[in-house]
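Only one structure is covered here, and it is reproduced in the block below.
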Amino acid sequence: MIFRCRLRRLVSSVAVALALGGLPAMAQSGADAEDLALAREYARKGDYAKAEVLFGQLPDAVQQNGTVLPEYLRTMQELRHFKEAEKLARKAQRRRPEDPLVGVLLGRVLETSGDKAGAAKQYERVVAGVKPDQVLAVANDFQENQQLEWAEKVYLRGRELARNNTEYAPQLIQLYTRQPNTERLMAETLCLVQQDERQLPFVRNMLQNSLREEKDFDALEKLLLTSVQQHPEQSAYSELLLWLYVQRKDFAGAMVQARALDRRTRSEGSRILDLAAIALRNKDYESAIAGYEYVSREYRGGQYYSMARQLLLHAREEQVRNTFPVDAAKIRMLLTEYQQLLTEFGAASPFRAEVLRNMAELHAFQLGEKDKAMALLQEAISLPRANAETVDRAKLTLADLYLLRGEPWEATLLYSQVEKTHKDSPLGYDAKLRNARLSYFAGDFKLAQSHLDILKEATSREIANDAMQLSLLITDNTAMDTAGIALRDYAATELLVFQNKIPEAIRSLDALGQKYPGHALQDEAWYLKAQLQRRTADYASAVQTLARITENPKYDVLSDDALFLAASIQEENLNDREKAQELYNQVIIKYPGSIYVAEARKRFRKLRGDAVN
């Protein structure tokens, strides 16, 4: 028993030695170790009176230890024993005058006691006396206690001592992100990247986490434009300006900076191609076309020339297909240009299969020429040197054509084939989504849902979002109506849309509303009808249909979608700039969390006449 007690004492002594940061504490008795552990436990539980007694019983050397002193002082302050705490802190300061952290502790005691002026003077003394090797420790201590202004002063003092105006820049940037202080953050980031362009990823990340309001983006844009003009040799400013324009989806402005950087870095258009792809995904067709035209013009014969030529026509195709009503003459013109491209590239071109697929989609979905489209797809699939992924994309398009022709079994066989050969890849997920959509069209909602449940976890955000939307549509409309009778009719209507039978689809939607009055699908039906009316150039009717959603609070789920679409029609089709501006402003104010807010704000500013670079 005596041996066990001694062993416990020895273990406790070792514990306190480790807590105090070194072997000298081993000289203390085991009782001291037990008192310290017990004092900390009482303090943790909030029983500060008992903790203070035990801390007070510790030897002076233990009380003054760097890990024990802050706990003892905090205990005293919790009990409002400010005079005793100040006395203890000053005693520690006399013993360790070179330790700035002790000075910080004294300042906190004064601040807690209500002596704000005395605390400020004490902190100022700490800042003035800090040494280069102490800057990080003191600043971190201030930050951990949410004293961010004093942490900033310590870093700036450290910068003075280092005689380097970018010293501690990363730490200051993170500090300004926490405060937040966007003005100083922007100034600090610009200074940092001017000195070290390798910091660009860090700077972009900090700015992205900090800038929230439009005025902040405006302020950064002005600073960067000034910096680009004053220091044209500094590519970092152009890089940041390019990044900023992309964040704001101002792809025209981004393209100006990208071209300047392309000429400076001699990247042969690779940067332009990347930006054009982003613009195309965001449906800014003009900027995407401008980018592809630039690469085709400036780097004829270069490594990206063929790709740029093919993507240029693809961007023009997307523009024509999404400008309603679709102009059949322009489709024919695009097909002629594609044919010229095939002649220019030659039979051995790696882009031939992709061009053939694009042509097939135009023939099938825009001109209704399914046989011609299928012949082109079969040619693409049989090309001996074609990329395997491009061939499988052609198979997916061919499967879509089988669905257009009312041959779902042939379609699902091809979808499943691609799904198996590209398991756990974006193309495989795309095939599974198309299979789910086919089951949905057929009214087999359970099978569709089984596919969609897997796709919700897909790595591709776009596919996951599409899967989630279709899954929610099925779930919401089979919860009460387990047979999904109304949903079957709605799915059949969507199949008509897929087959480009627009007049029939509109009539079907009208019949749906009469057959199932007040059904939960009504807002979906109106939204789809408005989209189809826009495609047929019946813009006034489309706006009226959308108003049936936006003016009824019952349909809040699609209200922001409907309002943004109505604003787009007013701007792009009816050319009513004033009405469009009003509706975009409503999107911003009424639906601040909507995915359309950023684009609505950009369009609102443009219509208002704000300067757009």
Side-chain angles (χ1 to χ4, degrees), residues 269 272-274 276-277 279-281 283-405 414 418 427 430 498-500 535:
I272 307 293
L273 291 178
D274 291 341
L280 187 59
R281 284 198 299 271
K283 303 186 187 304
D284 187 342
Y285 304 115
E286 294 296 339
S287 295
I289 289 169
Y292 294 132
E293 284 179 339
Y294 171 86
V295 178
S296 301
R297 182 180 63 253
E298 298 295 325
Y299 298 102
R300 188 175 184 84
Q303 59 177 322
Y304 301 117
Y305 170 75
S306 297
M307 180 187 296
R309 286 278 288 116
Q310 188 258 323
L311 290 173
L312 172 59
L313 286 183
H314 176 63
R316 286 178 180 164
E317 176 188 334
E318 288 296 308
Q319 185 180 41
V320 171
R321 291 172 63 173
N322 289 279
T323 302
F324 304 114
V326 174
D327 189 334
K330 290 184 178 179
I331 296 293
R332 295 285 183 193
M333 190 179 301
L334 272 171
L335 286 168
T336 299
E337 291 185 61
Y338 270 130
Q339 190 60 55
Q340 291 172 351
L341 194 64
L342 288 177
T343 303
E344 178 184 343
F345 284 176
S349 170
F351 299 101
R352 186 175 183 82
E354 184 64 27
V355 172
L356 289 170
R357 189 177 74 88
N358 289 341
M359 293 175 68
E361 289 191 344
L362 290 175
H363 278 292
F365 293 98
Q366 302 303 325
L367 301 176
E369 299 170 353
K370 303 181 187 65
D371 291 340
K372 176 64 175 176
M374 294 186 103
L376 290 170
L377 289 169
Q378 293 290 3
E379 181 185 348
I381 292 169
S382 63
L383 287 173
R385 297 181 182 178
N387 176 274
E389 185 165 322
T390 303
V391 168
D392 281 340
R393 288 190 184 281
K395 288 181 180 179
L396 290 182
T397 304
L398 182 59
D400 288 344
L401 295 193
Y402 279 122
L403 189 55
L404 283 181
R405 286 175 37 160
L414 282 173
V418 175
L427 188 58
D430 187 13
F498 178 75
Q499 294 171 332
N500 208 27
R535 286 174 62 172

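Heavy-atom basis, side chains included; hydrogens, waters and symmetry copies ignored. For clarity, every value in this text was computed on a predicted model and none was experimentally measured.
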Heavy atoms only: give me the nearest M307-L273 pair and the separation to one decimal. SD-CD1, 4.0 Å

Should the pair F351 and F345 be assigned to parallel (<30°), tilted (30 to 60°) or perpendicular (>60°) ring geometry? tilted

So do L362 and K372 actually touch side chain to side chain, heavy atoms under 4.5 Å? no

Roughly how far, to the nearest 0.5 Å, is NE2 of H363 from CG of L356? 10.0 Å

Could you state the interatomic distance from CD (Q319) to CD1 (I289), rounded to the nearest 0.5 Å? 4.0 Å

Where Y294 and Y299 come nearest, the two heavy atoms and their spacing: CE2-CE1, 4.1 Å

Under a 4.5 Å cut-off applied to non-hydrogen side-chain atoms, are V355 and Q310 in contact? yes

Which atom names give the shortest non-hydrogen contact between L280 and Y285, and what distance separates them? CD1-CD2, 3.7 Å

With heavy-atom distances below 4.5 Å as the criterion, would you say the side chains of I272 and Y304 are in contact? no

Taking atom CG of L377 and atom CE of M359, what is their separation to the nearest 0.5 Å? 11.0 Å

Is any side-chain heavy atom of E379 closer than 4.5 Å to one of R352? yes

If every non-hydrogen atom of Y292 is compared with every non-hydrogen atom of A308, which pair is closest and at what distance? CB-O, 3.9 Å

Supply the atom-to-atom distance L341 CG to E354 CD, rounded to the nearest 0.5 angstrom. 11.5 Å

Between D430 and L396 the two heavy atoms that sit nearest each other are OD2-CD1, 3.9 Å

After noting the C-alpha distance and the side-chain angles of E369 and R332, does the key distance pass the salt bridge (charged side-chain N to carboxylate O under 4.0 Å, His left out) rule? CA-CA 12 Å; E369 299 170 353; R332 295 285 183 193; 2.6 Å; yes

side-chain contact (heavy atoms from CB on, under 4.5 Å) evaluation trace for H314 with Y338: CA-CA 9 Å; H314 176 63; Y338 270 130; 4.1 Å; yes

Any non-hydrogen side-chain atom of V320 less than 4.5 Å from a side-chain atom of I331? yes

Pair R393 + E361, salt bridge at N-O below 4.0 Å: no

Straight-line distance of E337 CD to L313 CG, nearest 0.5 Å: 5.5 Å

How close do A348 and R385 get, counting heavy atoms only, and between which atoms? CB-NH1, 3.7 Å

Report yes if some heavy atom in the side chain of Q339 is under 4.5 Å from a heavy atom in the side chain of L335; otherwise report no. no

Drop me the distance from R535's CZ to R321's CZ, to the nearest 0.5 angstrom. 9.5 Å

